[in-house]
Structures are given as C-alpha cells and as structure tokens.
There are 2 protein chains.
Amino acid sequence: MKLREQVENCKLLQKKISAYEYAMNVIYYDSATVAPAESSEDRGIIMGILTEEMYHIFVNDEVEKMLIFLLDHTSELDEQTVKEVEQLKEAYDRQAAIPVKEEVAYKELINQAENVWQRAKRDNDYESFAPVLQKVFDANKKRASYMKPDEKEYDVLLDLFEKDMTQEKLDQYFEELKKPLVELVQKVQNSDVEIRDDFLYRKYPVEQQREFSAYLMEVMGIDTERCIIGESEHPFTTGFNRDDVRMTTHYDEENVADSMYSVIHEGGHALYELNIGKGLKYTCLAKGTSMGIHESQSRFFENIIGRSENFIQFIFPKMQEIFEEQLQDVTAHEFYLAVNKSQPSLIRTEADELTYSLHIMVRYEIEKLMIAGEVKAEELPELWNKLYQEYLGVEVPDDARGVLQDTHWSGGSIGYFPSYSLGSAYGAQILHYMKKELDVDGLVAAGNLKVIQDWLAERIYKYGSMLTPEEIIENCCSESFQPDYYIKYLEEKYSKIYELI
Amino acid sequence: MKLREQVENCKLLQKKISAYEYAMNVIYYDSATVAPAESSEDRGIIMGILTEEMYHIFVNDEVEKMLIFLLDHTSELDEQTVKEVEQLKEAYDRQAAIPVKEEVAYKELINQAENVWQRAKRDNDYESFAPVLQKVFDANKKRASYMKPDEKEYDVLLDLFEKDMTQEKLDQYFEELKKPLVELVQKVQNSDVEIRDDFLYRKYPVEQQREFSAYLMEVMGIDTERCIIGESEHPFTTGFNRDDVRMTTHYDEENVADSMYSVIHEGGHALYELNIGKGLKYTCLAKGTSMGIHESQSRFFENIIGRSENFIQFIFPKMQEIFEEQLQDVTAHEFYLAVNKSQPSLIRTEADELTYSLHIMVRYEIEKLMIAGEVKAEELPELWNKLYQEYLGVEVPDDARGVLQDTHWSGGSIGYFPSYSLGSAYGAQILHYMKKELDVDGLVAAGNLKVIQDWLAERIYKYGSMLTPEEIIENCCSESFQPDYYIKYLEEKYSKIYELI
C-alpha cells in the first residue's frame, strides 16, 4: 500500500515537472522564433518564477524521503520505475548539494556573463570578458565539488552532458584521433584536386528554401503531424514530448547549403525525440540520453547520410526542380563534392566534416586546463591562437573570430564541447555495425531512409534515457566505443574525394 | 511591519499568478498558430496540471487570511493596492465557493460539450448536442448560485464578462435598440441602392495580404516591437503583458475584406492591451476591464474608423499599390460602399455592422430563457429560427447555420454574447464625446490615428481593470451609458449609404 502510494507520488511528481518543462520549452521556442523584440525582459522574470516554482516542487524533504524509500524497495519495482527513481535521486542530489544562495548567485553570474560576452564578441574586446569568464569557470569548478566532492571536477562536469564520460577517456580518445586527423587534413591540403563550389552561393530565395526544407523533412521521414519547423537566428531542436517536436532553421539567401544541412542536422535530433518510447512519456526518462548520443544522430544524418554521394544523387533531381535557375549548370556529383570541400578555417560552426573535431580539441584542451587551474582566463587568447595554428594551421586574426566565437562558456556549459566530436565518432561506429545488417548505401540511393530510421529507433531512440551512452553503443555495436571507425570513415571518404594515394 | 509584509505577499502572489497565466497564454497562442496537429492531447494534460498548480497557489487558507487582513486595512493602502485586494478577494470568493469536485466535473463537462458540439455542427445534428447543452446551462446556473446565492443567476453570469451588468439593464438596452434597428434594417432592405462588391472576392494572394496587414498595423500605430501578428483558424488577440501582445488573422484568398477587418478589429484589442499602465504590470489589474469595453475598442477601430469613408480614402492608394491588379478598376468610394453593404444573413461572424446586434439579441433572449428555466435545450432550434425570422427576416435552413453556429455555449460562456453589442454601443457613445474634443474626421482622413489612440489611452487603456466598465464610460463621456448614440450613429451612416429619406 505504502509502496504503491509512493510510486504514484513519484509518477505524479514527474508529470508535474514535465508540465513546467513543457511550459518553459514552449516559451523558449516562441521567443526564438516569433516573439516581439521588447518582450525579453519580462520573459526573463517569468522564466525565473517558473524555475523557482519547479525547484520547490522537486527539492523538498517529502520528495527526498520518497526517493530514499523507493530506492530501498527497487526489488519490488519494475525496471523503468527503478531507472526513474535512480535518475531522479541523482538529479535531486545534484540540485540539493548546491546552497540556494550560491544557485541564485550563479544564475545572476551567467546572466551577466552572457551579456558581457555578447558585447565583447561584437566589439572584439576579450579583455572585458576575461574576468567574468574566469568567474564562470571558478563557479563551475565549485559547483562540481559540491555535487561530487570525491571526484575530479572536470569529470563531474563532463558527466552532466555525457553520462560516465571522464577526462581520462577523452584524453585517450582525442590522443588517438589527433595524429591521423592532423595528417589527413594536411594531405587534403596538399592535394591537387580543386573543388568548385561557386554555385552554393548564388541567390536562393527564402520561399524556395522553405519548399526545399519541407522536401528534406519528407525524405527523412519526419512526421509533420508531430513535428514542425520554424525559423530562428540559430537553428535548434527542442522536443516538448514525443508527439510535439520543434525544429528551426535559418535561411541565408546567399548560401543554399547552410539551411539545407541545418535542416538535416536538426532532423536527426528530431527523429530521436519523435521515437522515444511512448511508455516513457511524462517521466524523467523521456529525452535523449546524452548530448553525445544526440549529436551522433544529428551528425549521422547531416554528414554520413546527408553528405554522401548516394543521398545527393537521390535528392538532386528535386533540387533542380525547386532551384531550377540556380542549379541548371551543376551535376549531382559536383554538388556532392562542393558540400564536402574541406578547408581548415576559423569558425567551428562553419567547419567541414573533416576538420570539425580539430576545433573541438582546441576547446577541450582549454577547458581541461582552466578547470585544473593551470591556465587563467586572461591567457586564453594566446593559447587559443597557438592551438589553432598547431591543429588547423590557421592564423587567428582577432578574438571575435577566435576565443570569443562560441556562446557555450558564457552560458556555463563547460564540458559540453566534447559531445560534438564524440557524436561524430559514435556515428561512424554505428554506421559500421548498421552496414552489417542493412544495405545502407542501397537504401540511401533509393531514398529509403525509413529502414535506417527504424533500425536506429529500435536500438537507440525508443530507450530515451533508459540506457547510458555506453549501453547505447553496446546495444548498436556489441562492443564498447572505439574511435578508430571514425578515423577510417574520414580517411576513406576524403581519400576518394581528394584522390589521395 | 505585518502590513508591509502582507502587501509584499500579495504582490508576490499576483506575480506568480501572472507567470502561470503567461505560460498558459503562450501555450495557447502556440497551439492556435503553429503547433503540430497531434500535439493537442498532451497540451490538454499539461494545461490541466498548470491550472491545478495555479489554483492551489491561489485558493488556500493563507491567501484567504491575507486578503481578509488587507481588506481590514484598506485605509492604510494606496488606491491601486486596494483595487488589487478587492478584485482578488472577489475572484477568491468565486473560486472557493465552488466545491472542488464540482469544479473538476464542470471542466470535464465543458471538454465533452466542446467535442460533441464540433461533431454536431459538422453533421448538422443538434439532437446529439441538446442533452449536453442543457447540462452546461444547468451547471452554469448552479455555479452562479454557489458564487452569489442571493443574486439572480443570469446577473451573476453577466457580471463575469461585464462587471455590474444585469438582466434588467440589458432588457432596457435591447428594448430601446430593437424597434429602431429592425425598422432601419427594413428601410435598407427596401432601398433601391445597389452596391457593387464583386471586387472584394477576387483572388488576393496571401503574400500580398500579409504585406497589407503590416501596413494596417502601421497605420493603426501598433508598436511592432511589442506586438506581432500570427495566423490562426479564427482571429484573436491575447496580451501576455503590455510589452508582449499577440494578434492573429486568417487569410482567405478569395475575400480581401475578411482578414482586413480582422486585423483592424484585433488591432483595437491590441491597442488596449499595449497601453495598459506600466505600474499595473504583474497585478490582477493588468488587463482590459471587461469584454464589453474590449469590444468597444475592437469594434470602434473595425467599424467606426475602419469602415468610414475617410479611412478608406486614406488607405486606398496603398491598397491599389499592393493589390495592383485586383483594384485597378475600383474607386475608394466604391470600396467604402462595398465594405458597408448590408444584408440580413444567417451567420453572426459574417454579419455587417448594421445587422450585427440583431444576431446578439437572438442569443440574449435564448440565454435568458434557458437560465430562467423557461425553455429547454431541445426547444432551441425552433426558438432560434423563429427569432431569426422575427429580427432579421431570414429563414434558417439548418441548425449548422442556426443554433449550432457559435462555440460560446459549448465552452461554458453564458452571458458573453451581450458584450459584443454593448461594445458597439459604447463605441458610438465614445465617438460622440471624442468628437467634442478632436476633429475625428479630419484626423482619420489624414491617417493620424495616433491622436485618437492617445485620447483612448488616456481615458480607457491606461486604467486596465482599475475602473469598472461604467466608470470607463463616465470617464470618456461624463455621463452614464446611453444606447441612443448607437442608434443615431447607425441611422446617419446607413441613411447616407442607402440614400434613405
């Protein structure tokens, strides 16, 4: 009796939290897509109130007692409920560990840091940002030590984005990746192959691009009864729940590939959220298990599928229909080469598939050193520029296009960057195992992505957060995470494109 | 000390309630404009949870004690806080009067009634709707008796939409209106004047209409940094707060006047919300004071301004620029006549300015009799058709275009309809007094609506719910509400258009 009652309380608590999260997600989506310019101040106040309400519903003695009671009775609970209770308890401990005063102060710091960063980036003025950035790193280090006093701070932070990920594992991963990747990038640079991509930058009117987005969603098999695409400054995806997923894109009239690959990337995120098991709805498990696994899906569709020759060959007739004038003198093969043209560059979000992980490595090295206290915020521009020279061979002309380019650190997301690279590497390993069971090339050539989606849904999506990232990889690949599939994938793809011997 | 603390609690309570209302308004706006089709079931669940959360924040002993304490100390409070406390107490008593069980049962009934109504309207099957409609009326009667056991039930319901409005006052109002209005409609029907309006129904592409909407908002002086326009099945306006107001319209490619007058109508609502006093933000006073006063603003802009010859003359050059092909053979005067063409019809929402109040009278008579128990739901089609014959001289061919046409009753809004007619009548009286101070015709002819807007803001908008509808009318007109201005306004306008002697 008591147990059943507490289980019911636990389910109700999750349902309530889902309602607050839903409300805040809708408010966020609205703000990024349509809200009028002057509405932001009030939105901040409202979000603050709702966050506090949700906090009090979750962090209180009654909930703590309930979770402890349920953890004592896991043998009497079904598997899903056990996972819910475990993850709630973990989240509870993280929340409760931080003194309320420090939590409030941290929120204010982040708010300030985001404002200072925006101005600093605009004015190319790193000096004004350095002190507050140092505070953000210090605060995160302290928060990590509150959450798990016995663990290394950076590990605690990494775990927030990628469950069970550690600095040790990442050091090994990036170490394995670095040498072959840097070598491959150099070979590509030295290749005589010249790729034409002028046609990507012709005039592509928004209306035509919207039609193209709808087509891409159709090809990807995204259920538009449950998922819509809006427009925002920076593309993103947010799943309110499995039956209401929102993607966005941003149209650049002078760059057709920009929105195209945003749509396919966000579409990968959307497919994940749309296929989370129905039974997980209104529980804390009803979301993708980690940033890395989420990125594995978005980057799988964006790069592995979306930048493959088979995919381009399949969609190109429709592209030529929609963009009749712009693409009449272009072949599918030329288009395929253009969207795979590799060139070490300054800006992460504009990087090609090959050089992308090198951008991540720069950030990883810096985060690690900052949390370890081995470098100070004021020294970052020098370090950043040195690493860009070393890894990518490029000269950073100013901090706006250097250390100031990303929003993550000012938003307090430290330990987030590695997820992007892990996502690519997970994806390559998943592809390898998918190919043992499916004729991936043939399916893509036929535009039959549904079979691929079903394969992923069965092994990844439906589990939501029931499985850890490691368990997901085991589930797909019958082995643990191995980065060499990623290296091989890149070597094969770029050797072919750049005719390397 | 105790007082200051309780005042702070009271302000905080209102801020919290504002946050929940904001969240639910955003969710509603999102659902009506962009949300994917299959998201509605979960939205219902989420809204239920948030409504319940808000209910518990408001209805509890602590809040009741606080309100009673503050009501005992009104002499020590500023005027605004007194109004807040009084209105909160009134809302509290209304909420607390209804047993929780009955509240839940009522919500379920409404949910059911809305579904049954939708199907019944689609299938022209009133019989299936009658039993649940009877229940909705019965439940509202009972709710009214809970709220104010000593008052007439219909008066209690009217008061929810129009503070201090009573059946006695409305009987008098409609009695005064009926005879001259029916006579005027008959004269117009007998007039030999034939008005051409074929050009309203040419092909008007959505993109052009969107441009036209933006122009209309500009002419009306709507601040687009604080107000946006979206698209939904049925046009509406919702003010999240004075700095974030959302209008919608619906584009019919074969009817240019449809969206045009929706935009101007909703624009009137928006101007009200956008100009509510800053000091009222996050209090229960930060909204229009009643449905009738709100409609007085929307209908003032839609009909009195928007359907005036001066206004049409001012905007017509721009219309001919946007709709170059469609309007090249039309003069401003012809357009003015077309949007004022009067013809008794079946559907309220499509009715012209002259016959509109007759549609309201039918509904008012029926509501009154239903709440008095003098007629049963099963008898309504017969009664409806008889009244349409009597007031409008039209034959109702089926219930879908008769008693089933409106959503209000199935949604539990009983006592709402009179607001529409009151709004028109308020507007005409306000116009009369505005003309004593402003050269309204000259301002409209010059497209200078800002001066008119400022006049209204100063006398109506800025007060939010600080003043009652009656006080607002006194504030504008230095006298109480008088319906004869409305009759005179219609007589003058339509005598001219239809050349009556």
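Chain letters run A, B, ... following the sequence lines, proteins first, then strands; residues in each count from 1.
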- request: Tell me, with the steps shown, if A:Asp244 and B:Glu38 meet side-chain contact (heavy atoms from CB on, under 4.5 Å).
  value: CA-CA 7 Å; A:Asp244 192 346; B:Glu38 285 185 26; over 6 Å; no
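In terms of non-hydrogen atom pairs under 4.5 Å with chain B, the most contact-rich of A:Ala19, A:Ala35, A:Gly48 is A:Ala19. In terms of heavy-atom pairs under 4.5 Å with chain A, the best-connected choice from B:Glu53, B:Met47, B:Glu207 is B:Glu53. Between chain A and the residues B:Thr224, B:Ile45, B:Thr33, the most heavy-atom pairs under 4.5 angstrom are made by B:Ile45.
In terms of heavy-atom proximity, A:Val34 sits nearest to B:Arg246 at CG2-NH1, 3.9 Å. The minimum heavy-atom distance between B:Cys227 and A:Pro36, with the atom names listed, is N-CB, 3.7 Å.
Proximity to chain A (any heavy atom under 4.5 Å) is shown, for B:Arg43, by both the backbone and the side chain. Interface residue A:Asp243: backbone and side-chain heavy atoms are both found under 4.5 Å from chain B. Both the backbone and the side chain of B:Ile27 come within less than 4.5 Å of a heavy atom in chain A.
When the shell of 6.0 Å around CD of A:Gln95 is examined, it contains more than 12 heavy atoms from other residues, nucleotides or ligands. The number of heavy atoms from other shown groups lying within 6.0 Å of NZ (A:Lys11) is above 12.
Looking at heavy atoms from C-beta onward, B:Ser39 lies out of side-chain contact with A:Glu225 at the 4.5 angstrom threshold. By the 4.5 Å heavy-atom criterion applied to side chains, B:Val26 and A:Asp30 are counted as neighbours.
If you run side chain to side chain contact (heavy atoms under 4.5 Å, CB included) between A:Ile46 and each of B:Tyr20, B:Tyr282, B:Phe240, only B:Tyr282 comes through.
Taking a cutoff of 4.0 Å between a charged side-chain nitrogen and a carboxylate oxygen, A:Lys281 and B:Asp42 qualify as a salt bridge.
Remark: A:Glu52 CD to B:Lys16 NZ distance equals 7.0 Å, nearest 0.5 Å.
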